Every structure is written in structure tokens, then in C-alpha cells.
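Predicted model only: the values in this text are computed from it and were never measured. Sequence positions, counted from 1, serve as the residue numbers for this chain.
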Amino acid sequence: MSCANCSGTIQDTLESLDGVIEASANFATDEGSVEYDPEVVTLGEIYEAVENAGYGAVSETVTVAISDMSCANCAEANATALEDTPGVIGAEVNYATDEAQVTYNPAEASRADLYDAIEAAGYSPVREDDDDAGDAGADARDAARDEEIRKQLRLTLFGALLSAPMLVFMADKLVLGGGIVAGVESLVGIRLGWVEFALATPVQALLGWPFYKNSYNALVNNRRANMDVLIALGSSTAYLYSVAVLSGLIAGEVYFDTAALILVFITLGNYLEARSKGQAGEALRKLLEMEAETATLIGPDGTEREVPLEDVQTGDLMKVRPGEQIPTDGVVVDGQSAVDESMVTGESVPVEKREGDEVVGSTINENGLLTVKATKVGADTALQQIVQTVKEAQSRQPEIQNLADRISAYFVPAVIANAVFWGVVWFAFPEVLAGFVDALPLWGLVAGGPEIVGGAVSIFEFAVIVFASAVLIACPCALGLATPAATMVGTTIGAQHGVLFKGGDILERARDVDTVVFDKTGTLTEGEMELTDVVALDGEETAADGGAVAERQRHTEDDVLRLAAAAESGSEHPLARAIVDGAEERGLEIPEPDDFENVPGHGIRATIDGSEVLVGNRKLLEDEGIDPAPAEETMERLEREGKTAMLVAIDGELAGVVADADTVKEGAKEAVAALRERGVEVMMITGDNERTARAVAEQVGIDPDNVRAEVLPEDKSDAVEQIQSDGRKAMMVGDGVNDAPALAVAHVGTAIGSGTDVAIEAADVTLMRSDPQDVVKAIRISDATLQKIKQNLLWALGYNTAMIPLASLGLLQPVLAAAAMAFSSVSVLTNSLLFRRYTPEEDYRIFGRLR
């Protein structure tokens, strides 16, 4: 806020929101207060209103690790609990990463409040101090995940040890009709059901307790059923029924083996799932482990000392010997070497670095001795930013996740209702259903159905079996893991290949791009212009309206270049720098301009030694009443050669032409060809003139009709919107400040990593290298990830679609249903982990189709 009017604007904006009762903003204290009805308007909408008014409201975003989540419903419960916490603006909880990304108002909420909200929901947050947000916090989260893996393994081994003897009883019951058990019982005079009870009870207590506890939290605290409710229902039904039979309350068989093995299989599935989650995030952890641990600092007196990495400050000079890691981001102040940047950019070829070049922390100095000045340290380094960007991307799920979330929200209640319905129907109409099932070709899978008709199993007993099986076979875990597991791997693959997606939603969106719009300079071309031509126009005798003949002043090439360079010396534009550098290489003395004005999109106006100098395009001269026609033939020749030609006028007269040339990037032609092969239309947009733009387009293979030239910086976003006006989904690729608005309005904005921070901030995708072929990589990674998500969803939904009817018709024993349930989650995670082998250099093959 810069004045009292700003505070008034904010106040009016907030009070216009439905649900806001009163709002005030204080310009003197830079603070505001809002009284609102949270049932009508959210804090997030209030923040958004402030930002839409052109101001910024202070917020903080933290990542909180959460243990004890067992399905997507658990993630939803945590998200709801966090969003209901006063001061929380928004929360995204990812079941695949066991983490929550929470944005909150630091004046109203704290980390402790977030931890309390998670605990109140019945889950366990990994508590960290505020200063643990970096490596210490990551270590705490890793330790919590490792402990969870060890805990699940201990429980699995304990349950398996006690359940192993019961496998003999189960095999006898299913295969031999119970003959061995009956013979042993008559021999020893003790019912072996009591032995099973003694073995199953500890399993029920230790392995079952987490499920019972989480079920209670889900039903009582969160008022929703989750996967733990299904497991608790299925296991406890088998156990309590068996206790009732053993106590003589009802007649029938005992199912202690089923009750115990259900928990063993599910816990084994949880163990494998926890391991798989750890493996999915392993690539990022390995990336962080590659950070240098120490740095060699050079003191003011030239002395050297080795210090821990965390002691390095911005501005410190560091010595980096051959074979050592560059400790932190910086700029080379002395020396020359090749640097292996593959860990950051995915580029295997080392990059030559010399004085003035930027280097990235943790990359490896290959052969020369470098002195590097630290420019970014700690969380600001490129490596830390990459990891943070990927983590944030993993917390933002694709739109396709909404489908899974909607299904999961109703899934568990529907499963319980289905199980109750079929249990009651089997109890009420056993003969009818047995006859129907008997006619099915799947009758060979029946594990109880025939015995109803034969009287070996009571009707009530079989109804209980159907209920338990129908509850246990349904697994929302696989559905909840399908999207986030693949997204986690996909964003990590992107980071490993120098492609950073800002969110899972962007990862999904990129595959739908049907048009790629490239900026020219710095994107398709190197952006390193060099002076190629200087043409001085001969003086001519001219006469107007029959008046006296006047001879235009003659200027030499050196005159034209010297004054053009002086005019351009105040500009940082690549075209301007090339002219200045060219004049200096010729040994010309470049005077300081007395006055300087940049005319956006047209050129430069300057006063030099009393002369007014114009350097720019035809429009600039025409606006000043100068006819560019005498230079037209020269301009056309230079532009046909792909050069950027600029007119030079001195004191109102056309004096000459200077031209710069920019080389097309290696790989630009291949990138355009690969995009067109995918059926993507490729366009180019530039502020350069039509002929130069078309010459570059011809070199890279872009259709001349798809070239938009002489577009002013402020009009680039309008041009992209116009391209998208007919329903196209465009990806804009640029690198400069003037590209930022266009990047923001595009369906997907992509910034070349060598570009400006502003462009990168506005973009949805950042390419760490300056290679246009990485645009193809981004689309391929997006396409491959979405195909993997669809595979996972197809597997999860197909599994439930096939198995729930089988269980409802009495075709599966509860223990087999539990094993299948555990297998479904593990299979989805395994399918996602196999995706780690994917490389975007080659198209992804799925279902026999090559895209």
C-alpha cells in the first residue's frame, strides 16, 4: 500500500464480498482486519480478493509430514481438519507422499495449530520446530517414514508367526474337509478352536488396534468412513462370530484363521505400500544428498579455510578444484573449466565455464581451477528450489484426481451398504441365490456356496461370510493412490531431465497442448546477437516543390556505427549490445549520449554531441517524418538473409543501416519437427520484422503463415489470447520479461531456464536448459504420466468392478478377499514405480500404441 487510497480500495474490495461483515485496512501499519462468516466466504477467497485488487497479503506455506494415513479418505479428513483451522488459507494433503502442504496467515495460525488440527483428526503429524524447515525437517520426515516401514514390518512378522499354524487348519478345512482337525480333536479331547483363539487374539489386539483406532477417529471425529472401517468390520466380524461359536452361543464353524490372516495380509500390504512410497520419493532425496558438505573459502588476505556448507554467505569467494563439487550457486570470477551439470539439467555433456559465467551449486567441476563468488545460499540455491518446486507440484493434483476423490467419498459407505444388503439377501433367500450362482461358469471359485444347499454351512454363517468378504474386497486405497503415485514419479522424472512442472495440474494440462508458440530471440535463437553489416547511404541531391537543390550530408560507415552505438549504449537489449560491441571491436570512440529515450517496439531516440540520432525500424522513422524508402532495397536484402536490420537517422536525415544476426539454436529444427510429428501446430511470435522472422521460421521448419512479426511486447499476451480464442490450447515458450504476460495467459506457459526470473515466475513449466527440444520432453512426460494414471485408475476401478460382485455372490472367502485387497494397492504402486524407468527422449509405448 502506497497511500490512504490503497487502504480504501482494499476495504471496499473486501466489503463487497458476500459473507464479509466488516473490513478495515490501515495504511500506517500495513495491516487489515476482516470480520466474516466462514460459512459464506473462506479466508482463501479473502486473500484472493486482496491480490485481485493489486495488493499482497502476507502468508506462509509449510509442508507437514503425516503418518497413519491409510487411504485417500484419510487425506481428505486431514485436509478438511486443516482448512477448518482459523488462519488456514488452503491445504493440500497427498496420500502418496504422506505430506500436507498448508498455506496460512502467520498472524492468526502457527505450526503448532496445524499439528493440533491433524492430531484432533486422529492422525500423527511429524512435529518440527520453525527452524527445522530445511534439512533437519526433511530428516525428521524421512525418519518418520523409515520408522513406519519398520513398524509395519514388525507387525507383519509377528502376525505371520502366530498365523502360520492356522494355515494348516485352513488348508484342512478347505481342501480335506476338516478330517485332520476332527481326528486330532478326538484324540486329545480338546477342541482346537481354543488353540486358534489363543493364536488369533494377540493378532487381533496388536495388528487390529491401529485399524480400530483409526476407524473410531474416522467415524466419531471426522464423521466419515474410511478403508480402516472396512478392515475393522471384516476382521472383527470373523473374530466375534468365531468367539460366539466357540462359546456355544451359536452353532457353526470358527473363522479365527480368517480373522488373523485378514490382518496379516492387510498389514503386509501396508508394509509394501510404505516401502513403495519411500522408493517413489527416493530420487529427490538422492538429489539432495548430492549437495556438497563443505566449501573452501578464500579470505581477503588470500588464505584458504574449509567450512561447512551452511557457513557460506552470499558474496564469499570459494575455490573449487578439479573433481570437486561447486558448493553453492555463484558466478565465476577467475579460471576456466568444464562443469558437469547433468544432475540439474539432465544434460550429459559438460558445459564450459569462464569468468562471468553462472554456476549451479552441487554440480561438478571437471578439469580446471575455478574461483567462484557465492550468489545464492541455503534454500535459495537452484537445487533446493528444484526440490521445493517438485514437492509443491506433487501436492497439486491433476484434475483427473477429482474423479477419484468423488468416487472415494462415497465408496466406503456404498461398500458397507452393499455388504449388508447381500448378507441379508443371502440369509433371506439362500436357495434362490444358490441356484442362481450354481448356474454361473465361475462356480469353481465358490468357497462355501455349495455347502448351503448341502447343509454343511448354516444360512446365517454363510451370510456372515458374504458380508465379511464384500466388505474386505473393496479397496479405496488403490483408487486413492492411482493419481498421486504416478504424479509423484512423473514430476520427479521431469526434474531429473531438467523440466520443472509447477503442479500436477500443469503436468496433466501439458499433454492437451495442440499449439506451441515460440518466442524467437533467446528461445529459438541463441539471443547472442553480433554486428554483421554497416551500410552508409550515399548523399543525394534532392529538391522539393521546385525549390533550391540541397545535398544531404554524407556519413561514413564509421560515423553511422559510432553514433548508432552511442545511442544504443544506454540499452540492455541484445540488438543494442551487439552494435556497441561491434563498434568497440572496430576501435571506435563511443561518446556518452546527452539524452536517451527508449521507444518500445520501435527503437531508440538519443541526443549525441548536439545531434539527434534515431536507431530503429521503419515505423520509428516514419513517425518522425523521415522517408525510409532510400534504404528499402538494402533492408530487404539483409532481412532475406535472416538479419535484423535497423535504420539510422542523424538530424532528421536517413544516414545508413546497421544489421545484427542471431544464430538458430542447435536442436530448434528437430524440436519443431518432433512437435509437428505429434500433430502439434507450431507458431512463432516476435517483435522483429516480417522478413527476418520468416527467414528464421524457414530455417527451423515453421510454416510462414504461422509467423506473427512486429508484435510489441505489451501485445504478445493479446496475440496468445487471439490464438486461443478459437478453442486452441496453446503453450507459450519464452525467456524474457516481456514474455511474462503471454506466459501467464497461455494454457501452459513455459520459460526457458536461462531466461529471467520474472518469466520463470510467470510460467507453469520451467526448462532448466535453453534447448527447445525440452519442450517436446515436457509434453512427452505429461503424456506418459497421464497414461500411467489412466492405467492405475483402470486397474483400481476394474479390480473393484470385478471383485465386489464375486464377493457379493459368495464366490470368495474373506481371507482371499483380504489378500486381493492388499494386492490391489501394491499393484498400483508397483505400476507407478515401473514408470521410473521411462525416459522422455523416446515416446512412451502403451497398449501397443506409439505416441
Output, in order, the C-alpha distance, side-chain angles, deciding distance and verdict of salt bridge (charged side-chain N to carboxylate O under 4.0 Å, His left out) for Glu710 and Lys619.
CA-CA 10 Å; Glu710 299 180 23; Lys619 184 71 166 55; over 6 Å; no

Salt-bridge test for Asp519 and Lys716: reply yes if a basic N is under 4.0 Å from a carboxylate O, no otherwise.
yes

Which residues satisfy the side-chain hydrogen bond (donor to acceptor under 3.5 Å, both in side chains) test with Thr532, sequence neighbours excluded?
none

4.5 Å side-chain heavy-atom contact, Val765 and Leu767
yes

Looking only at non-hydrogen atoms, find the nearest pair between Ala567 and Val613 and report the distance.
CB-CG1, 4.1 Å

Determine whether a donor-acceptor pair (N or O, by modelled atom type, separation under 3.5 Å) exists between the side chain of Lys665 and the backbone of Ser770.
yes

Any donor-acceptor pair under 3.5 Å from Asp774 side chain to Lys777 backbone:
no

Check residues 694-703 and write down every donor-acceptor pair under 3.5 Å in which the side-chain atom is one partner and the other belongs to a residue at least two apart or another chain.
from: Arg694; atom 1: NE; to: Glu690; atom 2: OE2; distance (Å): 2.8
from: Arg694; atom 1: NH2; to: Glu690; atom 2: OE2; distance (Å): 3.3
from: Asp703; atom 1: OD1; to: Asp705; atom 2: N; distance (Å): 2.9

Determine yes or no for a side-chain-to-main-chain donor-acceptor pair under 3.5 angstrom, with Asn706 supplying the side chain and Val682 the backbone.
yes

Taking all heavy atoms of Thr375 and all of Gly330, pick out the closest pair and write down the distance.
OG1-CA, 3.3 Å

Counterpart residues, salt bridge (charged side-chain N to carboxylate O under 4.0 Å, His left out), relative to Asp558 (two or more places apart):
none

Sequence neighbours left out, cut at 3.5 Å: what donor-acceptor pairs do the side chains of residues 595-610 make with other protein atoms?
from: Glu597; atom 1: OE1; to: Arg605; atom 2: NH1; distance (Å): 2.7
from: Glu597; atom 1: OE2; to: Arg605; atom 2: NH1; distance (Å): 3.3
from: Arg605; atom 1: NH2; to: Glu624; atom 2: OE2; distance (Å): 2.4

Picking from Thr525, Thr644, Thr692, what satisfies side chain to side chain donor-acceptor pair (under 3.5 Å) with Asp662?
Thr525

We want to know whether Asp651 and Ser611 form a side-chain donor-acceptor pair, criterion being a heavy-atom distance below 3.5 angstrom.
yes

Taking atom CG of Leu654 and atom CG of Leu537, what is their separation to the nearest 0.5 Å?
5.0 Å

Between Asp340 and Pro350, is there a donor-acceptor pair closer than 3.5 Å when you use the side chain of the first and the backbone of the second?
no

Regarding Thr663 and Glu526, is there a side-chain donor-to-acceptor distance under 3.5 Å anywhere?
no

Donor-acceptor under 3.5 Å (Gln724 side chain, Val745 main chain):
yes

State the CD1-OG distance between Ile685 and Ser717, to the nearest 0.5 angstrom.
9.0 Å

So, does Asn367 use its side chain to make a donor-acceptor pair with the main chain of Ala338 at under 3.5 Å?
yes

Donor-acceptor check, side chain of Thr328 to backbone of Lys376, threshold 3.5 angstrom: yes or no?
yes

So do the side chains of Leu370 and Val339 get within less than 4.5 Å of each other, counting heavy atoms only?
yes

Nearest 0.5 angstrom please: Glu324 CD to Ile364 CD1, how far?
11.0 Å

Any donor-acceptor N/O pair, Asp623 side chain to Leu620 backbone, under 3.5 Å:
no

Which atom pairs, one a donor and one an acceptor, fall under 3.5 Å between side chains of residues 295-303 and the rest of the protein, sequence neighbours left out?
from: Asp301; atom 1: OD1; to: Thr303; atom 2: N; distance (Å): 3.2
from: Asp301; atom 1: OD1; to: Thr303; atom 2: OG1; distance (Å): 2.8

When rounded to the nearest 0.5 angstrom, what is the spacing between CD in Glu653 and CD in Glu612?
12.5 Å

Check whether Ser337 reaches the backbone of Gly368 with its side chain - one donor and one acceptor, N or O, closer than 3.5 Å.
yes

Interatomic distance, CE@Met683 vs CZ@Arg708, rounded to 0.5 Å, equals 4.5 Å

Does Glu641 have more than 12 heavy atoms from other residues, nucleotides or ligands lying within 6.0 Å of its CD?
yes

Would you call Glu633-Arg637 a salt bridge at under 4.0 Å N-O?
no

Arg618 meets the salt bridge (charged side-chain N to carboxylate O under 4.0 Å, His left out) criterion, sequence neighbours left out, with Glu632, Glu639

